[in-house]
Structure formats: C-alpha cells, structure tokens
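The structure appears below as structure tokens.
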Amino acid sequence: YPLIEPIENYMLYNAIINSLPYTIRQSGYYLLDTSCTNLSNTAITIDADNVVLDGNGSVLDGDRTSNTYGVYAKNHKNNTIREGDDLILTKPLGSGILTTAIKADMLQKDEILQVCEILSTLNYKASTIMQKYNISAATDITGFGLLGHSFEMCNNTICSIEFDFKSIPILQSAINLANMGIIPEGTYNNKFYFSEQVKFLKQCQDEIILFDAQTSGGLLIAVDEKDSNSLLHELIDCGYKYSSIIGKVTSSKDTKLTVL
C-alpha cells in the first residue's frame, strides 16, 4: 500500500470539491480542495451513507455565531458505537500545537519534517482497511480535538467512552510547546465547550492536548474487541505507525467521557 497518495491522483476520488457550498448525495470518496474562513452557510452537506471526505488540510471556519457547520451529515450519524468496542486512533495528537509553532518559527528542521510527514499521511488507506472489520462507528479527529469528536460519537447514545491516557499517542514536541504556552485558540475553545463532558480520574499534566484542534488528524475507529488487534496490526503494517488502542466503549456513566 503506498501510504501517501498524491493529490493529483484524481482517480482516487468520486469528486474534487473546489467550490462551496457543496452537497454530497452519493456514497464514495471526496477530496476537499478549497478553504473558507468566513462561512455564512454550511460548507459541505453529506446526504448519503458510506462517504469518506478527505479534508486535505483545508480550513473551514466562520464567526461561530450563526447556525452553520463546516461539514454537516444530514440524517446520517456516526453515533452507533457499541458497548465493548475498542477505540483505535491512527495518528498522534499535537498537530494543532505544532502548526501554530511553525507559524511562529519555533520548530527545528527535524520537527518540521515530522509534522509534514504526519499531515501528509491521508486517512484514505485507513478508511479502506477498516471496512474489512466489524466497525460500529468512526470519525476523523480535527477541529474539535480528540475529546470533542469523541463526545459527538457517544452523545445521544446509551454508551460512554473511557480513555487510557498512557495509551494515547502524543508528540513529545507538542507536549514541550504546550508547557511553554504555545497553544492555538481553537484548543482553548474546545476545552471551554467540552470540559464539562469529561472526567479526569487523576491529574493529567498534558490534558490540554486531548482538546487540541488537530490539523489533518487521524481516524478514531470503534471496532469489535475481537477485531481490534488485527486491525491495529494491519494499520501499523500499512504505515500508520502511531496507531494505538486508546480506549473502550462502556455502558453509560455520569459523564460521557472518562480519562483514566
């Protein structure tokens, strides 16, 4: 499996989205090839099942006061997680912090190369690999961070999620920068909006990174525990070397998210 597919290989995708707003009405693979930072309407509406949308590092943002979305799945939800599922994350956390540091010229060359490798690793292959296994739900980890997108997965269900903090892949350089206060505004916003949905059973010095607004983040996959190790090994073999089983879907608790 060649891990990084060039964007020029349009044969991978059913359509290239280069103007907004856009509605997806058929199953398939789609590439977002434009950005918008002043949204006044929902940018992309998904009105079909089995859709993979490659964000391609694009930015969708607005004034956060209107009832609009960057991507809205119309009557199609990813909150079908099952109690007992394992949760696999395919990329490390911290890309939002690191891209903020790049803008401030605060990273060494080797750190920049590491970030570029992670950002340019598409979710396309992972999304095809996981379809061979018993998957109940999946989401990409992007602007709402790990905890924000996880809350979306389990909200309005009878399930909760428990994370094992030590199993979550986090880039060491992101930890160092966060301790220096190099944290994007979106990460602070995520903590403000989602902190009430999370219970930390012990103090985690680096908990802010779990809220980090990711740039080109990985997939969070809810998979039957009988398949989780096989899926994990195949993901790693295909180049998603940071992949890790980071948590478990449990019965509903007082808070939707718990970090152990």
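Atom set for the values below is all heavy atoms of this structure, side chains included, hydrogens, waters and symmetry mates excluded.
With rounding to the nearest 0.5 angstrom, the OG atom of Ser230 is 10.5 Å from the CG atom of Asp224. Considering CD1 of Ile208 and CG of Leu147, their distance stands at 9.5 Å, rounded to 0.5 Å. With values rounded to the nearest 0.5 angstrom, Ser127 atom OG is found 11.0 Å from Ile135 atom CD1. Between the OH atom in Tyr22 and the CZ atom in Arg25 there is a gap of 9.0 Å [rounded to 0.5 Å]. We find the CD-CD distance between Gln114 and Gln172 to be 10.5 Å, quoted to the nearest 0.5 Å. With rounding to the nearest 0.5 Å, the separation of CD1 in Ile97 from CG in Leu171 is 9.5 Å.
Using a distance-only test at 3.5 Å, with no hydrogens or angles considered, no donor-acceptor pair links the side chain of Ser58 to the main chain of Ser35. Side-chain atoms of Ser244 do not come within 3.5 Å of backbone N or O of Ile246 as any donor-acceptor pair. A donor-acceptor pair is defined here as one N or O able to donate and one able to accept, closer than 3.5 Å; no such pair exists between the side chain of Lys241 and the backbone of Ile236. Remark: side-chain polar atoms of Lys91 are not paired, donor with acceptor, to backbone N or O of Pro169 under 3.5 angstrom. A distance-only check finds no donor-acceptor pair linking the side chain of Ser228 to the backbone of Val223 [under 3.5 Å]. Of the possible polar contacts, none joining the Thr139 side chain to the Leu220 backbone as a donor-acceptor pair under 3.5 Å is found. Under the 3.5 Å distance criterion, the side-chain polar atoms of Thr90 are left unmatched by any main-chain donor or acceptor of Gly218. A donor-acceptor pair under 3.5 Å is absent between the side-chain atoms of Lys166 and the main chain of Leu260, judged by distance alone. Without hydrogens or angle criteria, Ser120 side chain to Cys116 main chain gives a donor-acceptor distance under 3.5 Å. Side-chain atoms of His149 never come within 3.5 Å of backbone atoms of Ile141 as a donor-acceptor pair (strictly under, hydrogens ignored).
By the 4.5 Å heavy-atom criterion applied to side chains, Ser95 and Leu119 are counted as neighbours. Residues Val198 and Val259 form a side-chain contact, since some pair of their non-hydrogen atoms from C-beta on lies under 4.5 Å apart. Residues Leu32 and Thr34 have side chains in contact (heavy-atom distance under 4.5 Å, counting atoms from C-beta outward). A 4.5 Å side-chain heavy-atom check between Lys132 and Glu234 finds at least one atom pair inside the cut-off. Between Asp86 and Asp227, the closest side-chain pair of non-hydrogen atoms is not below 4.5 Å. Looking at heavy atoms from C-beta onward, Tyr133 lies out of side-chain contact with Ile88 at the 4.5 angstrom threshold. Side chains of Ile245 and Asp164 form no contact here, defined as non-hydrogen atoms less than 4.5 Å apart. Looking at Val71 and Thr45, their side chains never come closer than 4.5 Å, going by heavy atoms from C-beta outward.
Closest non-hydrogen pair, Ile24 versus Gln26, comes out as CG2-O, 3.4 Å. Across every non-hydrogen atom of Ile183 and Ala178, the tightest pair is CD1-O, 3.9 Å. The minimum heavy-atom distance between Ser252 and Ser160, with the atom names listed, is CA-OG, 3.4 Å. Of all non-hydrogen atoms in Gly96 and Asp212, the two that sit nearest each other are N-OD2, 3.1 Å. Minimum heavy-atom separation, Ile161 to Ser150: CD1-O, 3.8 Å. Contact record, Ala43 with Gly70: CB-O, 3.2 Å, taken as the closest heavy-atom pair.
Leu113 is not connected to Tyr240 by any chain of hydrophobic side-chain contacts under 4.5 Å among Ile, Leu, Val, Met, Phe, Trp and Tyr, and they are in different clusters. Following chains of ILVMFWY side-chain contacts shorter than 4.5 Å, one cannot reach Leu201 starting from Ile168, and the two form parts of different hydrophobic clusters. Transitive grouping of hydrophobic side chains (ILVMFWY, heavy atoms separated by less than 4.5 Å) keeps Val59 and Ile118 in distinct clusters.
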CA sep, side-chain torsions, deciding dist, call: Ser136, Asp85, side-chain hydrogen bond (donor to acceptor under 3.5 Å, both in side chains): CA-CA 8 Å; Ser136 66; Asp85 279 353; 2.5 Å; yes
Does the pair Leu235 and Tyr242 meet the rule for a side chain to side chain contact (heavy atoms under 4.5 Å, CB included), with working shown? CA-CA 9 Å; Leu235 288 167; Tyr242 297 97; over 6 Å; no
Tyr72 vs Ile44, test: side chain to side chain contact (heavy atoms under 4.5 Å, CB included). Steps then yes/no. CA-CA 6 Å; Tyr72 174 66; Ile44 298 174; over 6 Å; no
One pair to check against side chain to side chain contact (heavy atoms under 4.5 Å, CB included): Leu87 and Phe163. What are the steps and the verdict? CA-CA 9 Å; Leu87 293 169; Phe163 290 108; 4.2 Å; yes
Determine whether Tyr30 and Asp54 satisfy the following criterion, side-chain hydrogen bond (donor to acceptor under 3.5 Å, both in side chains), listing intermediate values before the conclusion. CA-CA 6 Å; Tyr30 295 81; Asp54 181 354; over 6 Å; no
Could you go through Leu219 and Leu89, starting from their C-alpha distance and side-chain angles, then the distance that decides it, and tell me whether this counts as side chain to side chain contact (heavy atoms under 4.5 Å, CB included)? CA-CA 6 Å; Leu219 296 179; Leu89 182 64; over 6 Å; no
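Crowding of Ile158 atom CD1: a count of heavy atoms from other residues, nucleotides or ligands under 6.0 Å not exceeding 12. Within a 6.0 Å radius of CD in Glu196, other residues, nucleotides and ligands contribute 12 heavy atoms or fewer. Environment of CZ in Phe144: sparse, with no more than 12 heavy atoms of neighbouring residues, nucleotides or ligands closer than 6.0 Å. Dense packing is recorded around CG of Asn18, with more than 12 heavy atoms of other residues, nucleotides or ligands lying under 6.0 Å away.
Glu162 pairs with exactly one of Lys248, Lys199, Lys253 by the salt bridge (Lys or Arg N to Asp or Glu O under 4.0 Å) rule, that one being Lys253. The side-chain contact (heavy atoms from CB on, under 4.5 Å) test with Leu146 is passed by exactly one of Ile209, Asn190, Leu210: Leu210.
For Tyr124 and Tyr29, the gap between ring centers is short of 6.0 Å.
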